[in-house]
Every structure is written in C-alpha cells, then in structure tokens.
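Below is one structure; the comments refer to it alone.
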Amino acid sequence: MRRWTIALAAAALAGCAGMTPSGGPAGPGVVKVTALGSHDGEFCARDRALVFEDPDGTRILYDAGFTVRGADDPRLGKIDAVLISHLHGDHLGPAHQPSANAGSCGNPQFSVSDVPNSNTVNIVVAKKAKFLVGGDMNTWFMHKVKAAGGDPAQVQLVRFGASAKVGGVKVTTVPAAHTNAVDPAFIDKQLGDMLRANGLLAEVGPPVGYVVSFSNGLVVYLSGDTGVIAEQDVVVRRYYKANLAVINIGDVFTTGPSEAAYVIDDLVKPNSVIASHANEVATQGGKLIPGTRTATFVKLVHVPAYVPLSGKTMSFDGGGKCVAGC
Ligand SMILES: [Zn+2]
C-alpha cells in the first residue's frame with residue numbers, strides 16, 4: 001500500500017502537466033496574455049503591445065508603441081509595471097490611435113501626438129506604474145517621467161544580469177542586437193536640431209529583451225528587436241529556462257520568419273511561441289492570411305505558434321502550454 005502511494009506520487013511528479021522544463025513544479029493558475037493592437041480581433045502592421053497578468057493579479061505592459069490608445073485606453077486597466085525594449089518610435093510611441101480600428105490594419109491612424117513625453121511615459125505616469133528599464137535608458141526616462149509630472153523613482157534600472165520584483169513576478173533584461181537611438185522629436189529642440197543637421201542620432205545605451213518569470217512557473221522571453229544572438233541559447237534557455245517566447249519576426253529591422261524559427265527551434269526551445277512585430281496585415285477576420293511573414297513563421301516553427309489577435313486573451317499554464325484562448 002505504502003509503495004503504491006509512493007509510486008503514484010512519483011508518477012504524478014513526472015507527469016508533464018505539472019512540471020516546468022527546469023524540472024521545478026509549476027505553480028497554480030494561468031498567466032493571461034492580451035494583445036493591445038490597432039484593430040479588434042486582428043494582427044496588424046504596427047502591433048507590439050502586450051499585457052501580461054499573473055495569477056496574483058500583477059499586470060505588466062510590454063512595448064506600448066502606437067496602438068495603446070493613451071493612458072485612458074480601457075484595455076489597460078490597472079498596470080503595475082511597464083517594460084520597454086528600446087526607444088524606436090514603434091515601441092516608445094510618439095503618437096497613438098484616437099479610437100479602435102482607426103485607419104486600416106496595414107496603415108493605422110495615429111493622429112494623437114504624444115511628443116515630447118511619449119505614449120509610454122504618459123502611461124507610466126498616469127498608472128503610477130514601476131518602469132523597469134535596461135541599458136542606459138534609466139537616466140533619460142527619469143528625466144522624462146519627472147517632466148510629465150511623475151516621480152523619477154518610478155523608473156527602476158534592471159541592467160543585464162540583475163532582476164526586479166513586481167508582486168510575484170520577476171523581471172530581468174537580456175541582450176538584444178539592435179540599435180537604440182531616440183528621435184530628436186523627444187529631446188531639447190536645440191540639441192535635436194544640431195543632431196539632425198549633422199546626421200547624428202542620440203543613442204541611449206543598448207536595447208534589451210526581457211525574461212519575465214511568473215508565479216505559476218511560466219517564464220516568458222520577450223525578444224525585443226534583435227537578430228539571432230548566442231545569448232538566446234546560453235542565457236535565455238540554459239540559465240532562465242524560458243518556456244514561452246514572444247519573438248519579433250518582421251525582417252528588415254529584426255529576425256525574419258526563418259531566422260526567428262531557428263531561434264525558437266534551436267536556441268530558446270520554449271514549449272510555445274507568440275509571433276510579434278510582423279509589420280504586415282497578417283490576418284483577416286482573425287484568420288492568418290496565407291503567404292504572409294506570420295503564416296510562414298507559424299509553418300516553419302516546430303512548437304505551437306500563436307498569433308496575438310488584438311483584444312483576445314490567451315492563457316498559459318506554468319509549463320508554457322496555452323490552455324485557453326489560443
Ligand atoms: Zn521595432
């Protein structure tokens with residue numbers, strides 16, 4: 001009887017449902033992932049923003065960009081922490097969409113200006129959120145948050161190797177191979193004009209990706225804009241053991257579909273992946289359009305791949321498996 005009980009317990013522990021790839025037991029609950037894109041139910045050209053909700057209620061916004069409709073966007077709700085991979089406009093947000101579905105999926109309308117603060121900084125200030133940034137972005141953002149009426153102490157540096165905690169969620173930054181120059185529209189006019197006149201850009205330290213570890217055991221890699229890098233193997237997989245990845249697939253500025261599929265299948269090896277930053281009209285009526293970069297990526301990759309349809313919530317267990325909404 002006793003031996004039978006032990007055998008049953010061992011079998012339960014070994015079952016994949018309750019285990020993370022690192023071998024630790026997954027915690028209870030699911031992490032809800034919701035895309036805040038430009039067009040309801042679609043995956044559109046400028047979509048980047050995602051909100052993650054931990055089972056403990058902690059809510060994290062990643063790369064607000066253009067498509068979060070300002071700090072009052074009802075889709076945001078409570079936001080405890082904001083993450084940003086780098087300062088290019090499609091991530092920082094020099095402007096935002098006035099209303100749901102304004103413009104077309106391929107060319108959404110972003111007519112509400114947010115310079116010089118940025119959409120991201122306005123959200124950080126209005127939500128009184130922590131702002132977890134890497135590289136040298138902390139000093140620049142402290143200045144920006146203060147200028148927008150917030151508390152500079154909201155900005156917290158999380159440089160590569162370090163981590164920060166928000167509720168039951170642990171956040172760290174990882175390298176990304178990209179650039180990180182801020183547009184002159186966000187800086188002092190005189191300096192901006194001088195830079196423009198000389199064809200120079202102001203770089204604000206290295207760009208980043210993130211690894212976010214949730215209380216149920218889910219470990220999410222957010223690639224940011226990057227090419228293929230060795231750290232996706234050595235750091236993201238071997239050390240942090242990410243079991244869900246969000247990877248940018250747009251080509252030109254980041255990995256394209258085949259490079260991204262290599263990163264997922266050979267380097268990060270998560271249990272599921274969400275495509276991001278496709279720079280195209282990827283869906284119509286919520287269905288993938290054949291021949292798109294997104295469709296190519298979904299076909300190439302060997303783990304379940306999901307498309308972030310705006311407003312739709314996907315739920316992931318601690319092992320990186322989508323259990324609802326995918
Ligand atoms: Zn980008």
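First listed ligand is number 1; within each ligand, the first listed atom is number 1.
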> Which residues satisfy the side chain to side chain contact (heavy atoms under 4.5 Å, CB included) test with V182, sequence neighbours excluded?
Replying inline: L87, W140, F186, I187, A202, V204

> So which protein N/O/S atoms does the Zn ion (ligand 1) have within less than 2.8 Å?
Replying inline: D90 OD2, H91 NE2, D225 OD2, H277 NE2

>> Between the side chains of K189 and D193, is the shortest nitrogen-to-carboxylate-oxygen separation below 4.0 Å, so that they form an ion pair?
In response: yes

>> Does anything in residues 263-326 form a disulfide (SG to SG under 2.5 Å)? List the pairs, not counting sequence neighbours.
In response: C322-C326

> Mind checking what makes side chain to side chain contact (heavy atoms under 4.5 Å, CB included) contact with Q284, not counting sequence neighbours?
Replying inline: I289

> When rounded to the nearest 0.5 angstrom, what is the spacing between CZ in R75 and CG in D40?
Replying inline: 7.0 Å

>> For the CE atom of M137 and the OG1 atom of T173, what is their distance to the nearest 0.5 Å?
In response: 8.0 Å

